[in-house]
Structures are given as C-alpha cells and as structure tokens.
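Read through the structure below, which is laid out as structure tokens, and then see the notes.
Worth knowing before you read on, the calculation uses all heavy atoms, side chains too, and leaves out hydrogens, waters and symmetry mates. Letters A, B, ... are given to chains in the order of the sequence lines, protein chains preceding strands, and every chain is numbered from 1.
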2 protein chains.
Amino acid sequence: MIGSRPTIEDVARLAGVSRATASRVINNAPGASEPLRSRVQQAVAQLGYQPNETARALASGRQRTIDLIAADYHPDLSPGAHPYYSRVLTGAMTALEGVNVQLRIHVVARKGAAERIDAMAADTTVGAILANVTPDLASRFYSRCRKVVSLVPTAASVPAVEAENINGAYAAVEHLHGLGRRRIAAIHGPGFNTCAIDRRAGYQKAVNTFGLSDISHGGGFTREGGYAAALALLTEHPDLDAIFATCDLMAAGAIQAITSTGRRVPEDVAVIGFDDSFAAICTNPPLTTMRLPTEEMAAAATRLLLAGGVASGLRQRFAVQLVPRESTGRAPK
Amino acid sequence: MIGSRPTIEDVARLAGVSRATASRVINNAPGASEPLRSRVQQAVAQLGYQPNETARALASGRQRTIDLIAADYHPDLSPGAHPYYSRVLTGAMTALEGVNVQLRIHVVARKGAAERIDAMAADTTVGAILANVTPDLASRFYSRCRKVVSLVPTAASVPAVEAENINGAYAAVEHLHGLGRRRIAAIHGPGFNTCAIDRRAGYQKAVNTFGLSDISHGGGFTREGGYAAALALLTEHPDLDAIFATCDLMAAGAIQAITSTGRRVPEDVAVIGFDDSFAAICTNPPLTTMRLPTEEMAAAATRLLLAGGVASGLRQRFAVQLVPRESTGRAPK
DNA sequence: CCTTCTCGTGAGAGCGCTCCCACGTCTATC
DNA sequence: GATAGACGTGGGAGCGCTCTCACGAGAAGG
C-alpha cells in the first residue's frame, strides 16, 4: 500500500526460484522440496511479502468475500437504527473466523433497489446473505445470482434460514396465558416484513386456541411505535392485563407507556417481547422475551454459502425460546 | 456468477469495436464518438454485461473497498454486543452512498491481532477506519499502511476523528451539579479504552472544579458492570444523589440497580449516561445522556479516506451534546 | 497543396497472481 | 541396462480489465 509492495516475482527472484514454486510455497501446496520451501519462506519474511488478494481472486476465480445485504425500507429499520443487524453481523463474523473470507455490507434503499441488486448479483463473491429483504427482491436476486440465503421467510424458491416465528409468537401468548392473563393485546410489526406477518399469525392462532379476543395494534417495529400503540391500546381497552410486543424495541416503548399511565409492569400489565436484543436488558423491569437465535442463524447462512450448497427451496429452521425476565412476573433465578 | 458471464471482450465483439473503445464507453470516459457509444451501450444491455470489479481493481490499481476494523478485546465490547458499532456502520454507509465503494468489516481479536493487522495493512483498499483499536495496534497499522483514521483518541501520529470526551464528561457533571446534586458518583469504562480514560478525566476535572468528592467505580462499559457498580456505590455511599455512567449501557444497569434498592430515578438518584445509543431510549425512565456524534464521526472518517488526505497527526474534533430526558428530572418538552 | 494539429480508434502491454503442462532427474521394475 | 513411473521445477498462458501509445483520417492554417 505504501510505495510499491513486493510481488511474488520479487520473492521468486530473491529465493532464486520460479514464480510457480514461490506460489506453491506461499499457498503451501504440495510439490516443492524442503530446501526451496525454506528459501522462499525466508525471502517472504525478508521482503515482508503479502499476497495481493485482488490478483489472487482474479487469477484463481476463487472468491474471498461474502455480501450481507440489509434492506433499508424505513429509517427506523435501517441497520444502524435497529439492534437486529448487530447480531446478524456477529453471527456472520463468527462463522467467518479462521476462514480467509471478508464480510461486505450493503444497505439497499427502497429506491433503486432493483438496480443495486442486479449489480451486486453480477459481482463475483462467495454469495450473499439477505437480511430483511422483501420476497420479490430476494427472488430477483436469487434468479440473477443463485448463491443467496435469506434470514427471513421469503419466496419459496429462495434458500432460507428461518426462525419459527409462528410457534414463537404462539408460545409468547401461551406463557402469558399460563400466568393467568386473559386480556392479551399484541403490537405488530410492519406488514411488509415477513417475520412480522408470521408473528401476527402465531398470535392469532394462540388467541383462537385459548378463546381470547384479538386485540391488535401496529407498532412498526420501533420504540416510538410501541409506545404509541401501547397508549392507544390502553385507552381503548383499559382492562388489558398483558401486551405481547412482536419486537423488543416496541416492548421497551410499551413498558414506558404503561408506566406513564400509572400502571405497573408486571403487576398490572405484563409485557413480553420478541428478539432478545440489547433492548431487552435495558428496560426496567428487564424484559421477558422470545429469543430469536439471530447469531446462530446468520452463522448458519454463512456456512451454507461457504459450503457452496444452497439448493433451491432449502429451508433450515431455528426454534425460538422463551427467556423469562421480570416484565411478566418475577424471573426464576 | 451463473455460468460464464459476458466479458468486455464479448461486448466489444458484439458492438464491432475494440476492447479499448468498449471500456471508454462503459466508464463513460471521453474519446468515443456518439455512434459507437450507442452501439456499445446496446451490446451491454443485450448481454446484460456487468464489469468484473476484481479485474477492474487489479488493472487500474484503484480500490473500491474501505475496511472497518473493530477491536474485540472483550466479549461485552464486541461489535455484536455493543450498540456503538451499529452507529459506526450507519455513519460509514451514509458517507459511502452513491460512491461505488464497499464497506468491509473485520473484527480483530486480542490474540493474533498484530498478524491480522499486518495482513490487512498489506491488502489493497482505500483505507481503514479503526473503531476502538488500542493506540499501539493503531500506530502499528498506521506505520504499515498509512491510510487509516481512528475513531477514538489514539497515538499522536495516527490520524483521528475525535469526540470531546473530556468536555462532554465535564458537561455531564456540570448538568447534574446545576440540578442541585452534590454527591455525584461516576461509573467508568475499562482502563484500556481511551474514550473511557478521557471521560474519567473530564469527571475528575468537574469534581475538582465544583469541589465535590470523587466517588468512582469501574463498570467495564457493560450493562451488568453498570448494575454491579451502582449497587456497590449505593452500599458504600447511601447518600448519593446522582450517578454519571460513562456509557448508556452502564447507565441502563445503574437505573435497574437503583430501582432495585427501592430508590426512585430521578427523584432520589439522578442518572446521566454517555453515547445516546439505543439503550438511552429503552430505559425507564428514558435516559438523559451526552450525545456522541458517532454517525457523523464515522462519516467524516470515511470521507477523509475517500479524499485520500490523511496527514499524520490529523485531528478532527466533534463536540458532545447534552440530550435531556427524564432520568435527571422532567425533560424540557 | 503541403504541413500541423486534433481527435477518434485499436493494438497490445501489463496489473499480480494461479495453474496447466512439459521437461528433466531420480528411483523402482523387469 | 533399458523402460516406466514418480516427482520436483519452471515456462508461459491467461484471469478481465485499464491505459498508454501509435496510427490514420479529417480539419485548420500558411
């Protein structure tokens, strides 16, 4: 990077071998004798040689990059504004540990999304992880480049790593019901988000099963949305004894709203979230939530890509687990 | 990516021009007549041609990648576990909008950090943004590759974009003092973190200025640490009327700890944080905090790199601003 | 009408590496 | 002792692109 870096040519010359032999030693491929090996290694050390990854990629056709595509349809759901993406990042990085592959981040905005997708699909990489990309864009991407894995429920053909959102939402309501709560409202995410759709379905299934009334409100997956929704819900149904917020950020807002009306959490109104993100531990009281194994899912998607085997329609499912804290009653210690 | 993609050669052949002319049109460089221009463009469209960025980078020597290096010295401060990094990401992505440059993320662990640094320094990129990299590693990186910008206070020679941590911490205490609080404790970050060191210095400066006693405790920049620190502080100094937590996550823990002792926030103990991250809006009551302009700083660092002008010792300073919410008293609406 | 300048165009040399293939040399086999 | 096989080694083509340079045609000037 500074001045002109030594090339493999320089190494070969210094070691008195051919470029081919130097390459073999550097990639520790078989077919080089011990004496030459050490001479090359010495030359590498002496020159401080580091292979040029760009040239390597071009010559070998092997790729060293995985793309992480984050959809940015809404400012509040952008990668910087939502804790979700940090976890995706961590999971992907974990799977990449030790493998010489780099993670590249892309944020695709609503406008111009299709063009961006096409350009990225054409780019030569190991593959792409789709975080919160809508099904239509996902299938477009898939048909253009094949090597993609979605982290959210998506078009049937697109390979995906999915959480059991429906079961998870059902379990959340079941937990509340088991605690004796009977007026259980839900705050839902945006309709364009497939996870939000599934969680809503789970809530409705539970409500039907337990013979409760469906008390729903939109909250847009944001803290502000959750706050406003809880306030509206409480005004219209003052007898609510529990709220299921389909993401933690909304649950945090809900707790604040409930408290602001003079009610106590969990004594008067129990609150359960979904995700188990930062937000869950920052609330007061700490939030009972359904843990989405985001890191594990992102890691699985990464490994799938690395292995090269992403068959059309592939589905890998992850269970969602209850994490009891204090917002639904004393947490078991 | 799927099958063999068309190359510029194919485009040139189809358009009946040379590779050089095709390249000119594709990069819309001057020196191509209108008739040929449109013929090439048509060929591009017909073949669905997309340039191979790897080949481009190799041939031109121009780079299309910026590295974001996140140090991972401690599990609780890892990119996935701390809200800070999401904001860095957002800032960098914002600055990259419209520029055809990709962001690459690296997490460097304590062990093997030096080697990773060397390898990355050798890699051909536009440059690197150092988030929370220790001064010694930063200067090593800098001496190896030159094109780096640190986001935290660092070695003198290394270019950096810095927040006014000292002044910010001072202002936080000043705010508390202005509210009539006199027993103001602080919960500090880890000693290896340069931001933590500066914030501590700011606290001490304020304490001296206002003639208060220095009541400090470590909290490791984590929620758990903040919780434990507040509890310890309250036990040893039951008369505390304010806590300055040098990051929001610790402040969130502190609020929970204070509440658990039966005290009220802000009536009995006022709490002020630092950062203005997710955590600040999730606490109950919402957290008064010092806003660190992380997004702006990351964007500035990115632009510096893009412009190519990172002079040794460069310093770009950012002010830290008070964001009054409810944890220090009724927020001015 | 010849020179000079301009400008569009294509040939071709790389960028730094990988990898196939041909060429020894050395040992095993009949 | 001739032949086959194994193995280490280097030559060189080529990955897909950019970019310099030389060339030829047309416009401008004396």
**Request:** Compare side-chain N and O positions of B:Ser60 against OP1 and OP2 of C:dC15 and report whether any pair is under 4.0 Å apart.
**Result:** no
**Message:** I'd like to check B:Leu304 versus B:Gln316 (side-chain heavy atoms, cut-off strictly below 4.5 Å). Are they in contact?
**Reply:** yes
**Asked** Whole Å only: how far is the CZ atom of B:Arg56 from the P atom of D:dC19?
**Response** 10 Å
**Request:** Flag yes if more than 12 heavy atoms outside B:Gln42 fall under 6.0 Å of its CD atom; otherwise flag no.
**Result:** no
**Prompt:** Per the side chain to side chain contact (heavy atoms under 4.5 Å, CB included) rule, which among A:Val148, A:Val133, A:Val158 passes with A:Ser139?
**Reply:** A:Val158
**Request:** With heavy atoms under 4.0 Å as the rule, sort B:Ala32 into base, sugar-phosphate or nothing.
**Result:** sugar-phosphate
**Item:** Close side-chain approach of B:Ile26 and B:Arg56, heavy atoms under 4.5 Å
**Value:** yes
**Message:** Taking atom types as they are modelled, would you say the side chain of A:Arg19 forms a donor-acceptor pair with the base of C:dT18 within the 3.5 Å cutoff?
**Reply:** yes
**Asked** Given C:dG16, is OP1 or OP2 found less than 4.0 Å from the side-chain N or O atoms of A:Thr7?
**Response** no
**Asked** Starting at the 5' end of DNA chain D, which residue's closest nucleotide do you reach first, B:Leu58 or B:Ala20?
**Response** B:Leu58
**Prompt:** When you measure from the side chain of B:Ser33, which nucleotide among D:dC15, D:dC17, C:dG8 comes out closest?
**Reply:** C:dG8
**Item:** DNA chain C: 5'-proximal contact among B:Glu34 and A:Ala55 (nearest heavy atom)
**Value:** B:Glu34
**Asked** Using a cut-off of less than 4.0 Å, is there contact between a side-chain N or O of B:Thr54 and OP1 or OP2 of D:dC15?
**Response** no
**Asked** Whole Å only: how far is the CG atom of B:Leu36 from the C1' atom of C:dC7?
**Response** 13 Å
**Asked** What is the distance from CZ of B:Arg13 to P of D:dC17, rounded to the nearest Å?
**Response** 12 Å
**Asked** Please give, in whole Å, the distance from C:dC15 P to A:Asn52 CG?
**Response** 12 Å
**Request:** Evaluate side chain to side chain contact (heavy atoms under 4.5 Å, CB included) for B:Thr194 paired with B:Asn165, printing each intermediate quantity in order.
**Result:** CA-CA 10 Å; B:Thr194 51; B:Asn165 286 294; over 6 Å; no
**Fill in**
When rounded to whole Å, the CD to P distance for the pair A:Glu9 and D:dG12 reads 13 Å
**Asked** Once you round it to whole Å, what is the distance between C1' of D:dC17 and CD1 of B:Ile26?
**Response** 10 Å
**Asked** Does C:dG10 have OP1 or OP2 sitting under 4.0 Å from an N or O in the side chain of B:Thr21?
**Response** yes
**Message:** For a quick check of understanding: with a heavy-atom distance under 4.0 Å over all strands, which category does B:Gly31 fall into, base, sugar-phosphate or nothing?
**Reply:** base
**Prompt:** Which part of the nucleic acid, if any, lies within contact of B:Arg24, taking any heavy atom under 4.0 Å across all strands shown: a base, the sugar-phosphate backbone alone, or nothing?
**Reply:** base
**Prompt:** Whole Å only: how far is the CD atom of B:Gln63 from the C1' atom of D:dC17?
**Reply:** 14 Å
**A:Ile8 CD1 - C:dC15 P separation (whole Å)** = 14 Å
**Prompt:** Heavy atoms, side chains only, cut-off 4.5 Å: are B:Thr94 and B:Glu295 in contact?
**Reply:** no
**Message:** Both B:Gly16 and A:Asn27 contact DNA chain C. Taking the nearest nucleotide for each, which residue is further toward the 5' end?
**Reply:** B:Gly16
**Request:** Answer yes or no: does a side-chain N or O of B:Ser18 lie under 4.0 Å from OP1 or OP2 of C:dA11?
**Result:** no
